[in-house]
Number of protein chains: 2
Amino acid sequence: MARSDQTQTAVLGALSIRPMTGYALREGIRSTLGNFWSESFGQIYPALAELERAAMVERRGAKDTRSSTFAITQAGSARLRELLSDPPQPSKPRNALMLRLFFGRQLGVDACRDLVLQARARAEVQLTELTSARAELEGQSLGEDSPFVLITVLAGEHGARATIAWADEALNELSALEEAALEGDGTPPRAHIPSTMEQS
Amino acid sequence: MARSDQTQTAVLGALSIRPMTGYALREGIRSTLGNFWSESFGQIYPALAELERAAMVERRGAKDTRSSTFAITQAGSARLRELLSDPPQPSKPRNALMLRLFFGRQLGVDACRDLVLQARARAEVQLTELTSARAELEGQSLGEDSPFVLITVLAGEHGARATIAWADEALNELSALEEAALEGDGTPPRAHIPSTMEQS
DNA sequence: AATATCATGTAACATGTTACATGATTGG
DNA sequence: CCAATCATGTAACATGTTACATGATATT
């Protein structure tokens, strides 16, 4: 039936900001919610079709100039508020980076360092993007939605800064690990405590 | 074919630490990797079956005392290193909390505050759990895997602290928003610009 | 005219969860 | 003995991505 409540929520939510084509919906979600949400065409169009059948969205400007946009209806707004109200089910986490680091002993210290450095670089980029996004927000773009959008942008910034700080700490750990390995001769790297570790 | 490389990675990785039953595998993943990974029985058992067929894991102690455990083979270790080596594909983000806050205007300020407070509380709990997990790590439990596990624990701690800091900021924003609404009479809180959002 | 982008959709596949069935072992 | 937990598995379903097909509109 309901091809995912989650997708419906995102679609109705986006349309609550302004009417859009399905295509623009995907673009908007990617560019604006990209840091914490994603939808593919394969979900958006079926979702729109279903919502239209349920009279929660309707097409506007049918064969007018360009193509028709989808607009949220009253029933749709009600449904959206309903969907937003039920508790956010925390999605099962699947962090491929952490999985690799967790089994870092198999992967090797150097590869781990690369991964951490890449993550750090991504976080830096994200941070500058978000900071400029916040600047834009001071402008106009989203009207009354702005304060709420700001809150999500702030979350992204905090997250990015946390990633950067973590990365630096992780790099230290990895270096310490390597040094310990060198000192310890051929013996495998011991944990991070200097302590008294005579080899063999 | 391969019922998810990701699941295979997690299963082989866990077995690289020590041999386990499928049941223990699931428990171990939930308790140890829980903060950034999850697998269900419906994935683990088929994955184990397939890995056994490919001779990457084997059963140990068949009808001995308790039940048989699965152990990683040489081929399995090689495969694991292979899997860990290819780049972590960043999973498409789906943060239900942020989605709700983003559309917070529809949800209402009070409900948003509740959500933020809940998130903050979860982060607090997580932080204390991770801190004690780190203390345990100073002990022995995971041997040579410890330093790598530590890195992932640190990531969790940084993340949790970031969530807490963000939550406090977000709560301030929400309060400010409410005050602005009160001052502004019955009119809904204005962002900054009147804007022209005529539809219909 | 040719190319790029906008736009809508679908089918095949990949992935993942839930609920159920089944039985062994263990502790009270 | 009975209940709880350990243990293995499967089938039905839910969800989600990718690749493709199709055509309109806009740009050069």
Side-chain angles (χ1 to χ4, degrees), chain A residues 1-11 14-15 19-31 33-34 37-53 57-71 83 89-96 99, chain B residues 1-11 14-15 19-31 33-34 37-53 57-71 83 89-96 99:
Chain A
M1 310 257 126
R3 186 154 187 91
S4 169
D5 286 355
Q6 302 259 283
T7 295
Q8 284 201 1
T9 310
V11 166
L15 293 181
M20 267 177 268
T21 66
Y23 188 90
L25 212 40
R26 144 80 174 224
E27 264 314 288
I29 288 174
R30 212 169 48 76
S31 67
L33 307 181
W37 204 262
S38 78
E39 294 289 352
S40 61
F41 286 136
Q43 309 238 155
I44 287 175
Y45 285 115
L48 279 172
E50 201 187 339
L51 288 170
E52 193 178 19
R53 238 180 299 125
V57 306
E58 57 185 23
R59 287 180 139 94
R60 290 277 173 80
K63 53 210 58 166
D64 215 320
T65 33
R66 326 178 155 261
S67 53
S68 60
T69 60
F70 294 88
L83 286 169
Q89 44 182 31
S91 65
K92 310 286 150 95
R94 288 208 132 198
N95 188 328
L99 191 68
Chain B
M1 307 256 131
R3 187 154 187 91
S4 167
D5 285 355
Q6 302 259 284
T7 296
Q8 283 201 3
T9 309
V11 166
L15 293 181
M20 268 177 266
T21 67
Y23 188 90
L25 212 40
R26 143 83 172 222
E27 264 314 287
I29 288 174
R30 213 171 47 77
S31 67
L33 308 181
W37 205 262
S38 77
E39 295 290 349
S40 62
F41 285 137
Q43 309 240 154
I44 287 174
Y45 284 114
L48 279 172
E50 201 187 338
L51 287 169
E52 194 178 20
R53 239 178 299 126
V57 307
E58 57 183 25
R59 287 181 139 95
R60 290 276 173 80
K63 52 211 58 166
D64 216 322
T65 32
R66 327 176 155 262
S67 52
S68 61
T69 60
F70 294 89
L83 287 169
Q89 44 183 32
S91 65
K92 311 285 150 97
R94 289 208 134 199
N95 188 326
L99 192 69

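The chains referred to below are lettered A, B, ... by the order of the sequence lines, with proteins before strands, and numbering in each begins at 1.
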Measure from the side chain of B/Ser40, starting at C-beta and using heavy atoms only, and say which of C/dT17, D/dT17, D/dT8 lies closest.
C/dT17
When you measure from the side chain of B/Tyr45, which nucleotide among D/dG9, D/dG16, C/dT8 comes out closest?
D/dG9
Please report the distance, rounded to the nearest Å, between CZ in A/Arg30 and P in D/dT17.
13 Å
Check side-chain contact (heavy atoms from CB on, under 4.5 Å) between B/Ser91 and all other residues, then give those that pass, not counting sequence neighbours.
none
Separation of D/dT8 P from B/Leu48 CG (nearest whole Å)
8 Å
Gap between atoms CZ and P, on A/Phe41 and D/dT22 respectively (whole Å)
18 Å
Expressed as a whole number of angstroms, how long is the span from B/Gln43:CD to C/dT18:C1'?
12 Å
Between C/dT8, C/dG16, D/dA7, which nucleotide gets closest to the side-chain atoms of B/Tyr23?
D/dA7
Could you report the tightest heavy-atom contact between A/Leu48 and A/Gly22, atom names first, then the distance?
CD1-CA, 3.8 Å
Whole angstrom value for the distance that separates P of D/dT17 from CD1 of A/Ile29
11 Å
Side chain of A/Lys92 only, please: which of C/dT8, D/dT8, C/dT18 is the nearest?
C/dT18
From CD of A/Glu50 over to P of D/dG16, roughly how many Å is that when rounded to an integer?
13 Å
Shortest non-hydrogen contact from B/Ser40 to B/Arg26?
CA-NH1, 3.5 Å
CD/A/Gln6 to CD/A/Gln89 distance, rounded to the nearest 0.5 angstrom?
5.0 Å
Nearest-neighbour nucleotide for the B/Ser38 side chain, C/dT17, C/dA7, D/dG9 considered:
C/dT17
Which part of the nucleic acid, if any, lies within reach of B/Arg94 when heavy atoms closer than 4.0 Å are counted: base, sugar-phosphate only, or nothing?
sugar-phosphate
Whole angstrom value for the distance that separates C1' of D/dA7 from CD of B/Glu27
12 Å
Between D/dT17, D/dG9, D/dT10, spot the one nearest the side chain of B/Pro46, thanks.
D/dT10
Per A/Arg59 side chain, nearest of listed nucleotides D/dT8, C/dT8, D/dT17:
C/dT8
Restricting to ring-ring contact (aromatic ring centres under 6.0 Å, His included), what partner residues turn up for A/Tyr23, sequence neighbours left out?
A/Phe41
What is the separation between atom CH2 on B/Trp37 and atom P on C/dT15, rounded to the nearest whole Å?
12 Å
